[in-house]
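All residue numbers refer to positions in the sequence shown, counting from 1. All values derive from a computational prediction rather than experimental measurement. One-based numbering, in listed order, for ligands and for the atoms of each.
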Amino acid sequence: MKIAVVGGDGIGVEVINEGLRVMKHLTPEAQIEKFDLGADRYLRDGTTMPSEIMERWRNEFDAIYLGALGDPRVPSNVHAKDILLGARFQLDLFINLRPITLLDERRCPLKNKDCDDVNFIVFRENTEGLYTGIGGQFKRGTPDEVAIEQEMNTRKGVERIIRAAFTYADKHGRKKVCMADKANAMRHGHDLWQRVFKIVAAEYPNIEASHLYVDVLSMEMVRCPERFEVIVTNNLFGDIVTDLGAILQGGIGLAGSGNINPNGVSLFEPVHGSAPDIVGKGIANPLAAILSLGMMYTHLGRPELEKKIFKAVQDTLLADQVTPELGGTLSTTEVTDAILVRLSSDVST
Ligand code: NAD
Ligand code: IPM
Ligand code: MN
(Lines give C-alpha, C1' and ligand atoms only; values in the text may rest on other atoms or scores of the structure.)
(Ligands and ions follow the chains in the order given, each with its own letter.)
Protein backbone atom coordinates (compact mmCIF):
# COMPACT_ATOMS: atom_id res chain seq x y z
CA MET A 1 0.00 0.00 0.00
CA LYS A 2 1.56 3.25 -1.14
CA ILE A 3 -0.33 6.30 0.02
CA ALA A 4 0.19 9.96 -0.88
CA VAL A 5 -0.71 12.20 2.05
CA VAL A 6 -1.65 15.90 2.06
CA GLY A 7 -2.74 17.47 5.32
CA GLY A 8 -3.39 20.75 3.52
CA ASP A 9 -4.69 23.65 5.55
CA GLY A 10 -6.11 24.35 9.00
CA ILE A 11 -7.61 21.37 10.77
CA GLY A 12 -6.92 19.30 7.64
CA VAL A 13 -3.38 18.84 8.97
CA GLU A 14 -4.62 18.06 12.49
CA VAL A 15 -7.13 15.38 11.48
CA ILE A 16 -4.89 13.72 8.91
CA ASN A 17 -2.19 13.30 11.55
CA GLU A 18 -4.76 11.36 13.59
CA GLY A 19 -5.79 9.30 10.58
CA LEU A 20 -2.13 8.43 10.06
CA ARG A 21 -1.89 7.12 13.63
CA VAL A 22 -4.76 4.78 12.82
CA MET A 23 -3.16 3.82 9.52
CA LYS A 24 0.13 2.97 11.24
CA HIS A 25 -1.73 0.84 13.75
CA LEU A 26 -3.84 -1.11 11.25
CA THR A 27 -1.39 -1.32 8.35
CA PRO A 28 2.15 -0.67 9.59
CA GLU A 29 3.39 -1.91 6.23
CA ALA A 30 1.73 0.99 4.36
CA GLN A 31 4.24 3.30 2.72
CA ILE A 32 3.38 6.93 3.28
CA GLU A 33 4.75 9.92 1.41
CA LYS A 34 3.75 13.35 2.66
CA PHE A 35 3.39 16.24 0.22
CA ASP A 36 3.90 19.80 1.37
CA LEU A 37 0.98 21.42 -0.45
CA GLY A 38 -1.51 24.01 0.76
CA ALA A 39 -1.77 27.65 1.69
CA ASP A 40 1.55 27.81 3.61
CA ARG A 41 3.47 26.48 0.62
CA TYR A 42 1.61 28.78 -1.76
CA LEU A 43 2.30 31.84 0.38
CA ARG A 44 5.95 30.79 0.78
CA ASP A 45 6.91 30.11 -2.83
CA GLY A 46 3.82 30.50 -5.05
CA THR A 47 3.48 26.75 -5.67
CA THR A 48 -0.03 25.34 -5.87
CA MET A 49 0.12 21.96 -7.61
CA PRO A 50 3.23 20.97 -9.57
CA SER A 51 2.31 18.83 -12.58
CA GLU A 52 5.10 16.35 -11.70
CA ILE A 53 3.35 15.62 -8.41
CA MET A 54 0.03 15.04 -10.13
CA GLU A 55 1.77 12.61 -12.47
CA ARG A 56 3.43 10.82 -9.55
CA TRP A 57 0.05 10.48 -7.81
CA ARG A 58 -1.42 9.07 -11.01
CA ASN A 59 1.37 6.58 -11.62
CA GLU A 60 2.99 5.65 -8.33
CA PHE A 61 0.34 5.60 -5.61
CA ASP A 62 -2.51 3.31 -4.59
CA ALA A 63 -4.49 6.14 -3.00
CA ILE A 64 -4.33 9.76 -1.86
CA TYR A 65 -5.33 10.75 1.67
CA LEU A 66 -6.14 14.46 2.02
CA GLY A 67 -7.23 16.77 4.85
CA ALA A 68 -8.71 20.01 3.60
CA LEU A 69 -7.76 23.09 1.61
CA GLY A 70 -8.86 26.63 2.22
CA ASP A 71 -7.25 29.47 4.12
CA PRO A 72 -8.44 33.00 4.87
CA ARG A 73 -5.01 34.28 3.77
CA VAL A 74 -5.75 33.05 0.23
CA PRO A 75 -9.13 34.59 -0.60
CA SER A 76 -8.92 33.53 -4.25
CA ASN A 77 -8.73 29.89 -3.10
CA VAL A 78 -6.46 29.32 -6.10
CA HIS A 79 -4.43 26.63 -4.33
CA ALA A 80 -7.55 24.62 -3.46
CA LYS A 81 -8.70 24.93 -7.04
CA ASP A 82 -5.38 23.62 -8.33
CA ILE A 83 -4.86 20.89 -5.74
CA LEU A 84 -8.27 19.50 -4.83
CA LEU A 85 -10.32 20.35 -7.92
CA GLY A 86 -7.13 19.76 -9.94
CA ALA A 87 -6.91 16.19 -8.64
CA ARG A 88 -10.64 15.59 -9.15
CA PHE A 89 -10.48 16.78 -12.76
CA GLN A 90 -7.04 15.62 -13.88
CA LEU A 91 -7.19 12.21 -12.21
CA ASP A 92 -10.80 11.88 -13.43
CA LEU A 93 -12.16 11.14 -9.95
CA PHE A 94 -15.68 11.25 -11.30
CA ILE A 95 -17.47 9.60 -8.38
CA ASN A 96 -17.66 11.60 -5.18
CA LEU A 97 -18.90 8.92 -2.84
CA ARG A 98 -20.47 10.31 0.33
CA PRO A 99 -22.16 7.86 2.71
CA ILE A 100 -24.75 9.25 5.14
CA THR A 101 -24.73 6.69 7.93
CA LEU A 102 -26.03 7.44 11.41
CA LEU A 103 -23.91 5.49 13.90
CA ASP A 104 -25.43 6.73 17.18
CA GLU A 105 -29.11 7.63 17.07
CA ARG A 106 -28.77 10.18 19.87
CA ARG A 107 -26.70 12.32 17.52
CA CYS A 108 -29.37 12.68 14.83
CA PRO A 109 -31.05 16.10 15.02
CA LEU A 110 -34.32 14.64 13.70
CA LYS A 111 -37.06 13.44 16.05
CA ASN A 112 -37.70 9.70 16.32
CA LYS A 113 -35.15 8.57 13.74
CA ASP A 114 -32.82 5.68 14.36
CA CYS A 115 -29.76 4.29 12.64
CA ASP A 116 -31.86 2.32 10.12
CA ASP A 117 -33.62 5.52 9.09
CA VAL A 118 -30.48 7.46 8.20
CA ASN A 119 -28.52 5.08 6.03
CA PHE A 120 -28.00 6.09 2.44
CA ILE A 121 -25.21 7.09 0.10
CA VAL A 122 -24.81 10.01 -2.27
CA PHE A 123 -23.12 9.70 -5.64
CA ARG A 124 -22.03 13.22 -6.43
CA GLU A 125 -20.77 13.93 -9.97
CA ASN A 126 -17.26 15.25 -9.42
CA THR A 127 -15.74 16.39 -12.72
CA GLU A 128 -18.15 18.79 -14.39
CA GLY A 129 -21.35 20.72 -13.65
CA LEU A 130 -20.78 24.21 -12.29
CA TYR A 131 -17.24 23.44 -11.11
CA THR A 132 -15.25 23.59 -14.33
CA GLY A 133 -14.52 27.30 -14.12
CA ILE A 134 -15.95 27.90 -17.59
CA GLY A 135 -17.23 31.46 -17.76
CA GLY A 136 -15.77 34.83 -17.13
CA GLN A 137 -16.11 38.33 -15.91
CA PHE A 138 -16.60 41.37 -18.10
CA LYS A 139 -16.21 44.99 -17.01
CA ARG A 140 -15.19 43.72 -13.58
CA GLY A 141 -15.69 46.17 -10.77
CA THR A 142 -17.87 48.52 -12.80
CA PRO A 143 -21.63 49.05 -12.56
CA ASP A 144 -21.94 47.24 -15.91
CA GLU A 145 -20.17 44.14 -14.68
CA VAL A 146 -21.21 40.77 -16.07
CA ALA A 147 -20.21 37.49 -14.38
CA ILE A 148 -20.95 34.19 -16.06
CA GLU A 149 -20.49 30.72 -14.58
CA GLN A 150 -21.45 28.02 -17.00
CA GLU A 151 -22.69 24.58 -16.08
CA MET A 152 -21.21 21.82 -18.18
CA ASN A 153 -23.06 18.53 -18.48
CA THR A 154 -21.73 15.94 -20.91
CA ARG A 155 -23.56 12.82 -21.98
CA LYS A 156 -20.51 10.78 -20.96
CA GLY A 157 -20.17 12.46 -17.57
CA VAL A 158 -23.85 12.22 -16.69
CA GLU A 159 -24.12 8.63 -17.86
CA ARG A 160 -21.09 7.35 -15.97
CA ILE A 161 -22.12 8.78 -12.59
CA ILE A 162 -25.70 7.52 -12.97
CA ARG A 163 -24.39 4.11 -14.02
CA ALA A 164 -22.02 4.08 -11.05
CA ALA A 165 -24.97 4.68 -8.71
CA PHE A 166 -27.00 1.82 -10.19
CA THR A 167 -24.00 -0.52 -10.29
CA TYR A 168 -23.35 0.21 -6.62
CA ALA A 169 -27.01 -0.37 -5.69
CA ASP A 170 -27.01 -3.63 -7.59
CA LYS A 171 -23.79 -4.85 -5.99
CA HIS A 172 -24.71 -3.81 -2.44
CA GLY A 173 -28.32 -5.03 -2.34
CA ARG A 174 -29.75 -1.53 -2.36
CA LYS A 175 -33.19 -1.41 -3.99
CA LYS A 176 -33.69 2.27 -4.74
CA VAL A 177 -31.85 4.97 -6.67
CA CYS A 178 -33.14 8.55 -6.60
CA MET A 179 -31.81 11.17 -9.01
CA ALA A 180 -32.07 14.84 -8.11
CA ASP A 181 -31.83 17.75 -10.53
CA LYS A 182 -33.56 21.03 -11.28
CA ALA A 183 -34.91 20.18 -14.72
CA ASN A 184 -37.98 22.32 -14.17
CA ALA A 185 -35.82 25.44 -14.31
CA MET A 186 -32.66 24.29 -16.08
CA ARG A 187 -34.03 22.88 -19.28
CA HIS A 188 -30.81 22.18 -21.13
CA GLY A 189 -28.43 20.40 -18.81
CA HIS A 190 -30.91 18.82 -16.49
CA ASP A 191 -33.12 17.58 -19.27
CA LEU A 192 -30.04 15.60 -20.30
CA TRP A 193 -29.87 14.15 -16.76
CA GLN A 194 -33.53 13.15 -16.95
CA ARG A 195 -33.19 11.39 -20.28
CA VAL A 196 -29.98 9.57 -19.38
CA PHE A 197 -31.39 8.54 -16.01
CA LYS A 198 -34.37 6.85 -17.70
CA ILE A 199 -32.12 5.04 -20.16
CA VAL A 200 -29.75 3.69 -17.51
CA ALA A 201 -32.58 2.88 -15.06
CA ALA A 202 -34.19 0.66 -17.70
CA GLU A 203 -31.13 -1.60 -17.52
CA TYR A 204 -31.85 -2.24 -13.82
CA PRO A 205 -35.47 -3.44 -13.65
CA ASN A 206 -35.01 -4.71 -10.08
CA ILE A 207 -34.00 -1.32 -8.74
CA GLU A 208 -36.67 1.29 -8.12
CA ALA A 209 -35.66 4.47 -9.93
CA SER A 210 -37.20 7.73 -8.76
CA HIS A 211 -36.68 11.42 -9.35
CA LEU A 212 -36.97 14.48 -7.14
CA TYR A 213 -36.18 18.08 -7.83
CA VAL A 214 -33.30 19.02 -5.58
CA ASP A 215 -35.34 21.46 -3.49
CA VAL A 216 -37.76 18.68 -2.61
CA LEU A 217 -34.88 16.26 -2.09
CA SER A 218 -33.54 18.59 0.60
CA MET A 219 -36.92 18.66 2.30
CA GLU A 220 -37.37 14.90 2.07
CA MET A 221 -33.90 14.19 3.47
CA VAL A 222 -35.11 15.92 6.64
CA ARG A 223 -38.74 14.77 6.66
CA CYS A 224 -38.21 11.17 5.70
CA PRO A 225 -34.56 10.11 5.30
CA GLU A 226 -35.58 6.45 5.42
CA ARG A 227 -36.98 6.66 1.91
CA PHE A 228 -33.45 6.98 0.48
CA GLU A 229 -30.91 4.29 -0.30
CA VAL A 230 -28.79 5.71 -3.14
CA ILE A 231 -28.96 9.32 -4.37
CA VAL A 232 -27.27 10.52 -7.52
CA THR A 233 -26.90 14.18 -8.40
CA ASN A 234 -24.67 16.77 -9.98
CA ASN A 235 -21.55 18.39 -8.59
CA LEU A 236 -22.99 21.48 -6.87
CA PHE A 237 -26.20 19.89 -5.60
CA GLY A 238 -24.14 16.96 -4.31
CA ASP A 239 -21.88 19.33 -2.40
CA ILE A 240 -24.83 21.02 -0.72
CA VAL A 241 -26.98 18.00 0.10
CA THR A 242 -24.02 16.11 1.60
CA ASP A 243 -23.42 18.85 4.19
CA LEU A 244 -27.12 18.49 5.01
CA GLY A 245 -26.60 14.73 5.12
CA ALA A 246 -23.57 15.18 7.36
CA ILE A 247 -25.69 16.83 10.04
CA LEU A 248 -28.29 14.04 9.78
CA GLN A 249 -25.58 11.52 10.63
CA GLY A 250 -24.49 13.51 13.65
CA GLY A 251 -22.27 16.29 12.36
CA ILE A 252 -19.79 17.44 9.77
CA GLY A 253 -17.04 15.91 11.90
CA LEU A 254 -18.44 12.46 11.14
CA ALA A 255 -18.71 12.59 7.36
CA GLY A 256 -16.11 10.80 5.27
CA SER A 257 -15.81 10.62 1.51
CA GLY A 258 -14.04 9.09 -1.44
CA ASN A 259 -13.23 10.71 -4.76
CA ILE A 260 -13.15 7.64 -6.95
CA ASN A 261 -11.79 6.76 -10.35
CA PRO A 262 -12.70 3.08 -10.74
CA ASN A 263 -9.77 2.62 -13.14
CA GLY A 264 -7.11 4.68 -11.43
CA VAL A 265 -5.87 6.20 -8.23
CA SER A 266 -8.58 7.54 -5.88
CA LEU A 267 -8.56 10.21 -3.17
CA PHE A 268 -10.10 10.00 0.30
CA GLU A 269 -10.91 13.01 2.49
CA PRO A 270 -13.32 14.21 5.14
CA VAL A 271 -16.31 16.16 3.79
CA HIS A 272 -15.55 19.09 6.08
CA GLY A 273 -13.16 21.93 5.36
CA SER A 274 -10.20 23.50 7.12
CA ALA A 275 -12.39 25.07 9.86
CA PRO A 276 -10.35 28.25 10.47
CA ASP A 277 -12.56 29.02 13.49
CA ILE A 278 -11.15 26.11 15.51
CA VAL A 279 -7.70 25.60 14.03
CA GLY A 280 -4.86 25.18 16.52
CA LYS A 281 -7.17 24.54 19.46
CA GLY A 282 -6.79 20.77 19.40
CA ILE A 283 -10.54 20.23 19.30
CA ALA A 284 -11.14 19.21 15.68
CA ASN A 285 -13.07 15.97 15.42
CA PRO A 286 -10.77 13.39 13.77
CA LEU A 287 -13.55 10.85 13.11
CA ALA A 288 -14.45 12.06 9.60
CA ALA A 289 -10.80 11.63 8.59
CA ILE A 290 -10.68 8.22 10.24
CA LEU A 291 -13.90 7.10 8.52
CA SER A 292 -12.44 8.31 5.20
CA LEU A 293 -9.43 6.11 5.88
CA GLY A 294 -11.89 3.23 6.33
CA MET A 295 -13.36 3.95 2.91
CA MET A 296 -9.85 3.93 1.49
CA TYR A 297 -9.20 0.49 2.96
CA THR A 298 -12.36 -0.94 1.40
CA HIS A 299 -11.41 0.59 -1.91
CA LEU A 300 -7.98 -1.04 -1.66
CA GLY A 301 -9.51 -4.45 -1.03
CA ARG A 302 -9.39 -4.46 2.79
CA PRO A 303 -13.08 -4.08 3.80
CA GLU A 304 -12.44 -5.86 7.10
CA LEU A 305 -10.36 -2.86 8.19
CA GLU A 306 -13.19 -0.46 7.40
CA LYS A 307 -15.54 -2.65 9.47
CA LYS A 308 -13.14 -2.43 12.41
CA ILE A 309 -12.91 1.34 12.08
CA PHE A 310 -16.66 1.62 11.82
CA LYS A 311 -17.19 -0.40 14.99
CA ALA A 312 -14.53 1.52 16.90
CA VAL A 313 -16.03 4.87 15.83
CA GLN A 314 -19.53 3.74 16.77
CA ASP A 315 -18.42 2.51 20.20
CA THR A 316 -16.49 5.71 20.82
CA LEU A 317 -19.58 7.78 19.99
CA LEU A 318 -21.80 5.61 22.18
CA ALA A 319 -19.35 6.08 25.05
CA ASP A 320 -19.45 9.88 24.57
CA GLN A 321 -15.71 9.97 23.99
CA VAL A 322 -16.06 12.91 21.64
CA THR A 323 -14.83 16.42 20.86
CA PRO A 324 -16.62 19.59 22.10
CA GLU A 325 -18.78 20.18 18.99
CA LEU A 326 -20.49 16.88 19.85
CA GLY A 327 -20.85 17.85 23.50
CA GLY A 328 -17.74 16.04 24.71
CA THR A 329 -14.59 17.14 26.46
CA LEU A 330 -11.93 15.17 24.60
CA SER A 331 -9.25 16.68 22.40
CA THR A 332 -8.54 15.60 18.82
CA THR A 333 -5.71 13.36 20.01
CA GLU A 334 -7.71 11.85 22.86
CA VAL A 335 -10.51 10.80 20.53
CA THR A 336 -7.94 8.97 18.41
CA ASP A 337 -6.49 7.42 21.57
CA ALA A 338 -9.98 6.06 22.33
CA ILE A 339 -10.22 4.65 18.80
CA LEU A 340 -6.78 3.02 19.07
CA VAL A 341 -7.65 1.41 22.41
CA ARG A 342 -10.74 -0.12 20.80
CA LEU A 343 -8.85 -1.25 17.72
CA SER A 344 -6.20 -2.86 19.93
CA SER A 345 -8.73 -4.77 22.01
CA ASP A 346 -10.84 -5.75 19.01
CA VAL A 347 -10.84 -9.53 18.92
CA SER A 348 -13.36 -9.86 16.11
CA THR A 349 -12.01 -10.60 12.67
P1 NAD B 1 -15.82 23.91 7.37
O2 NAD B 1 -16.32 22.53 7.10
O3 NAD B 1 -14.37 24.08 7.41
O4 NAD B 1 -16.43 24.42 8.77
C5 NAD B 1 -17.83 24.59 8.98
C6 NAD B 1 -18.11 24.52 10.48
O7 NAD B 1 -17.96 23.16 10.91
C8 NAD B 1 -17.16 25.34 11.32
O9 NAD B 1 -17.86 25.88 12.41
C10 NAD B 1 -16.14 24.33 11.81
O11 NAD B 1 -15.54 24.64 13.04
C12 NAD B 1 -16.98 23.07 11.92
N13 NAD B 1 -16.18 21.86 11.66
C14 NAD B 1 -15.74 21.42 10.45
N15 NAD B 1 -15.02 20.32 10.59
C16 NAD B 1 -14.99 20.04 11.89
C17 NAD B 1 -14.37 19.00 12.67
N18 NAD B 1 -13.65 18.02 12.10
N19 NAD B 1 -14.53 19.03 14.00
C20 NAD B 1 -15.25 19.99 14.59
N21 NAD B 1 -15.85 20.99 13.92
C22 NAD B 1 -15.71 21.02 12.59
O23 NAD B 1 -16.50 24.85 6.28
P24 NAD B 1 -16.17 26.41 5.95
O25 NAD B 1 -15.96 27.16 7.21
O26 NAD B 1 -17.20 26.83 5.00
O27 NAD B 1 -14.81 26.33 5.14
C28 NAD B 1 -13.54 26.67 5.66
C29 NAD B 1 -12.52 26.52 4.53
O30 NAD B 1 -12.44 25.14 4.15
C31 NAD B 1 -12.92 27.28 3.26
O32 NAD B 1 -11.75 27.79 2.69
C33 NAD B 1 -13.53 26.22 2.36
O34 NAD B 1 -13.43 26.52 1.01
C35 NAD B 1 -12.68 25.02 2.74
N36 NAD B 1 -13.30 23.71 2.49
C37 NAD B 1 -12.47 22.75 2.04
C38 NAD B 1 -12.96 21.46 1.84
C39 NAD B 1 -12.04 20.41 1.31
O40 NAD B 1 -10.86 20.63 1.20
N41 NAD B 1 -12.53 19.24 0.98
C42 NAD B 1 -14.29 21.16 2.18
C43 NAD B 1 -15.11 22.19 2.67
C44 NAD B 1 -14.60 23.47 2.83
C1 IPM C 1 -16.15 19.74 -0.66
C2 IPM C 1 -15.77 21.20 -0.65
C3 IPM C 1 -15.23 21.61 -2.00
C4 IPM C 1 -16.35 21.42 -3.01
C5 IPM C 1 -14.68 23.06 -2.07
C6 IPM C 1 -13.56 23.26 -1.08
C7 IPM C 1 -14.24 23.45 -3.43
O8 IPM C 1 -16.83 21.98 -0.24
O9 IPM C 1 -15.32 18.89 -1.00
O10 IPM C 1 -17.29 19.43 -0.28
O11 IPM C 1 -17.22 22.28 -3.16
O12 IPM C 1 -16.36 20.37 -3.65
MN1 MN D 1 -18.52 20.84 0.55
If the plane angle is over 60° it's perpendicular, under 30° parallel, otherwise tilted; pick one for [X] and [Y].
X	Y	result
His79	Tyr42	parallel
Tyr168	His172	parallel
His190	Phe237	perpendicular

Please state which part of [X] comes within less than 4.0 Å of ligand 1, counting heavy atoms only: side chain, backbone, both or neither.
X	answer
Ala288	neither
His272	both
Leu84	side chain

Under 4.0 Å from [atom], is there at least one protein heavy atom?
atom	answer
atom 1 (C) of ligand 2	yes
atom 27 (O) of ligand 1	no
atom 7 (O) of ligand 1	yes

Please confirm whether Arg342 makes a cation-pi placement over Phe310, using NZ or CZ under 6.0 Å from the six-membered ring centre and within 45° of the ring normal.
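Geometry flag: not set, cation outside 6.0 Å or 45°.
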Protein contact of [atom] - nearest heavy atom, named by residue and atom, plus distance:
atom	value
atom 11 (O) of ligand 2	Tyr131 OH, 2.6 Å
atom 10 (C) of ligand 1	Asp277 OD1, 3.4 Å
atom 19 (N) of ligand 1	Asn285 N, 2.9 Å
atom 8 (O) of ligand 2	Asp239 OD1, 3.3 Å
atom 16 (C) of ligand 1	Ile11 CD1, 3.7 Å
atom 5 (C) of ligand 2	Leu84 CD2, 4.7 Å

Verdict with reasoning, Asp337 to Arg21, per side chain to side chain contact (heavy atoms under 4.5 Å, CB included): CA-CA 9 Å; Asp337 294 343; Arg21 291 174 64 204; 2.5 Å; yes
Quick one: does [X] get an N or O within less than 3.5 Å of an N or O on ligand 1?
X	answer
Leu69	yes
Pro270	no
Ala275	yes
Ser274	yes

Among [options], whose heavy atom sits nearest [atom]?
atom	options	result
atom 34 (O) of ligand 1	Leu85, Asn77, Val322	Asn77
atom 21 (N) of ligand 1	Thr323, Val335, Ile278	Ile278
atom 1 (P) of ligand 1	Gly273, Pro324, Ala289, Ala68	Gly273

Q.
Just to check, does Arg98 reach to within less than 4.0 Å of ligand 2 when the distance is taken from its heavy atoms?
A.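 Within the 4.0 Å threshold, so yes.
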Any side-chain donor near an acceptor of the partner, Thr27 and Glu29, under 3.5 Å
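The criterion, which ignores hydrogens and geometry beyond distance, is not satisfied for Glu29 and Thr27.
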Quick look: Arg88 vs ligand 2, heavy-atom contacts under 4.0 Å, and the answer is side chain
Query raised in the report: How is the N/O/S atom of Asp239 that comes nearest to the Mn ion (ligand 3) named?
Result: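 Distance check against the Mn ion (ligand 3) picks out OD1 in Asp239.
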Open item on the list: If I take every N, O or S atom of Asp243, is at least one of them less than 2.8 Å from the Mn ion (ligand 3)?
Closed with: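 False for Asp243.
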Check if Val271 has a non-hydrogen atom at a distance under 4.0 Å from any atom of ligand 1. yes
